[in-house]
Amino acid sequence: MPATTPADHPRVERYDPTEVEPRWQQKWEELGLYRTDLRDESKPRYYLLTMYPYPSGDLHIGHWYIKTPTDAIARFRRMHGYNVFFPIGFDAFGLPAENAAIKSGIHPRKWTMRNIENMRRQLRSMGATFDWNAEVVTCEPDFYRWNQWFFLKFLQAGLAYKAMAAVDWCPKDQVVLAREQVEGADRVCWRCGTPVIKRDLEQWFFRTTAYADELLTYEGIEWPEPVRVMQTNWIGRSEGAEVVFRTAPDEHQPGGDELRVFTTRPDTLFGATFMVLAPEHPLVEKLTHPDRRDEVERYRFEARRKTEIDRLSTDREKTGVPLGAEAYNPVNGERIPIWIADYVLLGYGTGAIMAVPAHDERDYEFARQFRLPIRQVIAPRDAERAEEVARRIRGEGVEGSAYVSKAESDVMVDSGEFTGLSSPEGIRAVTHALEAKGQGRSAVTYRLRDYLISRQRAWGTPIPVVYCERDGIVPIPEDQLPVLLPDDYEFRPQGGNALEHHRPFLDTTCPRCGGPARRETDTMDTFVDSSWYWWRYLSPDKEDAPIDRELEERWCPVDQYTGGAEHAVMHLLYSRWFCKALADLGIVKEREPFRRLFNQGQILGADGERMSKSRGNVQDPDELVSRYGADTVRLFLMFMGPWDQGGPWSPTGIGGIARFLDRVWRVTVDPHGREAGDGDGFRAVDAVGKLPGDDDGGTLVDGARSPERTLLSAAHRTLKAVTSDYEGFRFNTMVAKLMELTNLLMRARGTAVAASDEYREAVRLLLLMLAPAAPHIAEELWSRRLAERGEEWRSIHSESWPAWDESLVAAESIELPVQVNGKLRDRVLVPVGLPQAEIERIVLESAKVRAALGGRTPDRVIHVGGRLVNLVVR
RNA sequence: GCGGAAGUGGUGGAACGGCAGACACGCAAGUCUUAGGAACUUGUGCCCGAAAGGGCGUGGGGGUUCGAGUCCCCCCUUCCGCACCA
């Protein structure tokens, strides 16, 4: 399909993307233009990664919004001489396939593979430069066997373990969820939005908390601030002290039990007037006084029954019951009562607190509720403020509340030998004193929990262990991997894990003793797949190891990752953890997976809601592509607004992009404008590359520059600006600048200027600049241009990015804005580089300026780099 | 409540502390009578004015500055994340 030249046609062809685009896509594929040779060291590497899609069956416009600008980056980098690696794959395990299986009886593998087929076609229609040779599909045994391999390594290293825990369970998906996967104040499943409930189950975990501190460092990575903040908050490191209280003896128990609490405020220890345990705390049983048993049992039962929503709601009144037992405060030996209350969570800290109502809002509320003593032990140094605070704590005044400040200007009061110390000093001193007596130590607590990976689902990576009657939990030896999923399991309409009913899978023998054993039926969360898939792209067929270490060292960390911020505390956090764990196991070298991250925004439905089939607000890209062509859709998505912003979908304005490409077509293939009405004589540009307003009527040239040179100068100026826009992912302004240049070429079209070398050079630059964003039309016009000049064909995408000429970028004359006292009064045309004295002379000649000055002489004249003049008068 | 991001024409959005509204959409008038996403020209922030011109304008209020959409302080609104985390 050699490119046709205009000469072959009696009339000038119209731009027809439906003819142009498939033709070039086929050609690129034939040439293998985007197959990356990972061993090629002649060029610098650039690993560009876009989050791989879930094969739901159809691509929607959001996928285009995510992927086509990333493709433009790939092409832009390639033109800069990088060896670009831009792979794609499929996140192929997961619930929708299994739900489809339950509904229709079709095997999840079949369903998934059929969807992948369709999505491959759709992804190809983008005209993106994905290297399909590196494709990874996570539901293939070749991939998931390595999940099992990693699991065994983690198990060995103590980074994977099984434990009983109160976990979040989604009743609809019939599956447990990791803490990160429960969202919002109403505690719903991240996938289906159903409120979760708590269940006590034995589950598999990855020890993410082992790397909590390193995960807080972000060393050597450039990530958006919001994501780093979210991760930091999620990890929730908090420094303080663990304090040991001892229970006091009474008539039914001897006392002496240790009650450990975590506090960030050891300086308030003298203000502890009671203790609170989580209702599930293991010591509750033992400490409860027989007289209190009924009440305590009732409370614990209620707490369990309550949904997470009820229990966690902040505006709910505090509830709790006393155990009828007491503990000694380690600093003063005072006996204080022990309560249970559901505002204390078993899963955080030690599941028990010392309550200091004067200096903690929650304890304050609780103390008020149950008329427990409130004792102030911290006060502002300033006497007047101290009085105010004291009244506030006593609740005398408008409203009572705790005083929680721990500033340097706050001092300890009524605190024995510590009285008078500032709050920060007190924290150190009290901790130290406790440590000396063996009654406490400084401690750090995290909000982060270990990553719960077990899923009670059949369509996922089998967890490679068996349960042996004799040997208990036995891992499958490495050389017996993979544990394969059956091809014939039966899905029951009522749901549940089909593996549990599959005898051949279930019944096995113990690898250790050879006796009968039962296989683990839980599978791994799909975020395990996405925690390492980018390494697999480097060597998808490697059989003796998951990751090619040599290629990992050469290509990692990923240079640029693009994807949505919704994964901030899930995928992006798990991936960082995985990387650190693998680095410590010697499997990879780098400790961070993604050097730079960019979060593009999200395209919402026209209704402003998230696009989903159930809402019926999904925009199908195929329809747009067949109507307008891929290039128009690509550019439209880039032009919509800043890439990190997203927004509701609206096709309004896509016609403007189509018209733009049509103009690009015409200024290239038909510079002389055969159509009537085109081009009405060349009207030059002003110094900033804008068309002059029509009010000035005449032609304007840039200083002594001819119209031809002015045009060329505008093209170079555009090149400089567009280069910087691509680098900063500012695609919307990039497109706008290409439009400006095209509009300028339209002005020149049909005039003598259009016959000039400068015009042709401006068109050449335009095509090169357009190539990353609208690859098909750029390639087509490029090939026509080459044919016209009798040059041999070479893809525009193999061309080098052009360089601009600074002398051409610089304007020769400028319309200088003149302000009087900061208000714009006139503009005067001056040559660039005119001495300030000369400028002032010209400016003062202006009638408008003189009128604004009203006969006064400027006291000061401010020159802003030859770009603006401000006359200041008193 | 805490943390983050953001508030600019009818709309999407531009603007190193220096001409607010680039570039588009939409709308209006016009040219050409037009094979089919028509194309092209012109206008389009608001108010006064026939025009020239002037005034006002970036959520609100202060401030810094010759000059503020941009920097600082206070307030309001929207979106996102966390949410009794001791």
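The figures here come from the full heavy-atom set of this structure, side chains too, leaving out hydrogens, waters and symmetry mates. Chain naming here is simple, since letters A, B, ... match the order of the sequence lines and numbering starts at 1 in each.
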Original post:
Does the separation of the ring centres of Trp339(A) and Phe366(A) fall below 6.0 angstrom?
Top reply: yes
Subject >> Sugar-phosphate, base or nothing in reach of Val864(A), heavy atoms under 4.0 Å >> reply: base
Subject >> Side chain of Thr263(A) - closest among A83(B), C66(B), A86(B) >> reply: A86(B)
Original post:
Just checking Gly656(A): base, sugar-phosphate only, or nothing, at a heavy-atom cut-off of under 4.0 Å?
Top reply: sugar-phosphate
**OP:** Name the closest nucleotide to the Leu824(A) side chain, picking from G36(B), A20(B), G37(B).
**Re:** A20(B)
Original post:
Could Arg228(A) and Glu225(A) be called an ion pair, given the rule that one side-chain N must be under 4.0 Å from one carboxylate O?
Top reply: yes
Original post:
Side chain of Asn743(A): nearest nucleotide among C23(B), C84(B), G18(B)?
Top reply: C23(B)
**OP:** Indicate, with a heavy-atom threshold strictly under 4.0 Å, whether Asn233(A) touches base, sugar-phosphate, or nothing.
**Re:** sugar-phosphate
Subject >> Partners passing side chain to side chain donor-acceptor pair (under 3.5 Å) against Thr232(A) (at least two apart in sequence or in another chain) >> reply: Tyr218(A)
Original post:
C84(B) C1' sits how many Å from Asp342(A) CG, rounded?
Top reply: 9 Å
Subject >> Per Arg659(A) side chain, nearest of listed nucleotides C66(B), G37(B), C23(B) >> reply: G37(B)
**OP:** Mind checking Glu225(A) for me? I need base, sugar-phosphate or nothing, with any heavy atom below 4.0 Å counting as a touch.
**Re:** nothing
**OP:** Using only side-chain N and O atoms of Ser238(A), determine if any of them is under 4.0 Å from OP1 or OP2 of A86(B).
**Re:** yes
Subject >> Listed nucleotide nearest any side-chain atom of Pro17(A), set A86(B), C23(B), G37(B) >> reply: G37(B)
Original post:
Sequence neighbours excluded, which residues qualify as side chain to side chain donor-acceptor pair (under 3.5 Å) partners of Asp631(A)?
Top reply: His776(A)
Original post:
Which nucleotide in the set C23(B), C56(B), C40(B) lies at the smallest distance from any side-chain heavy atom of Lys823(A)?
Top reply: C56(B)
Original post:
With a 4.0 Å cut-off on heavy atoms, is Arg663(A) in touch with a base, just the backbone sugar-phosphate, or nothing at all?
Top reply: sugar-phosphate
Original post:
Any N or O donor-acceptor pair linking the side chain of Lys737(A) to the base of C23(B) at under 3.5 Å?
Top reply: no
Original post:
Touch check for Arg825(A), heavy atoms < 4.0 angstrom, all strands: base, sugar-phosphate only, or nothing?
Top reply: sugar-phosphate
Original post:
Do Tyr299(A) and Thr319(A) meet the criterion of a side-chain donor-acceptor pair at a distance under 3.5 Å?
Top reply: yes
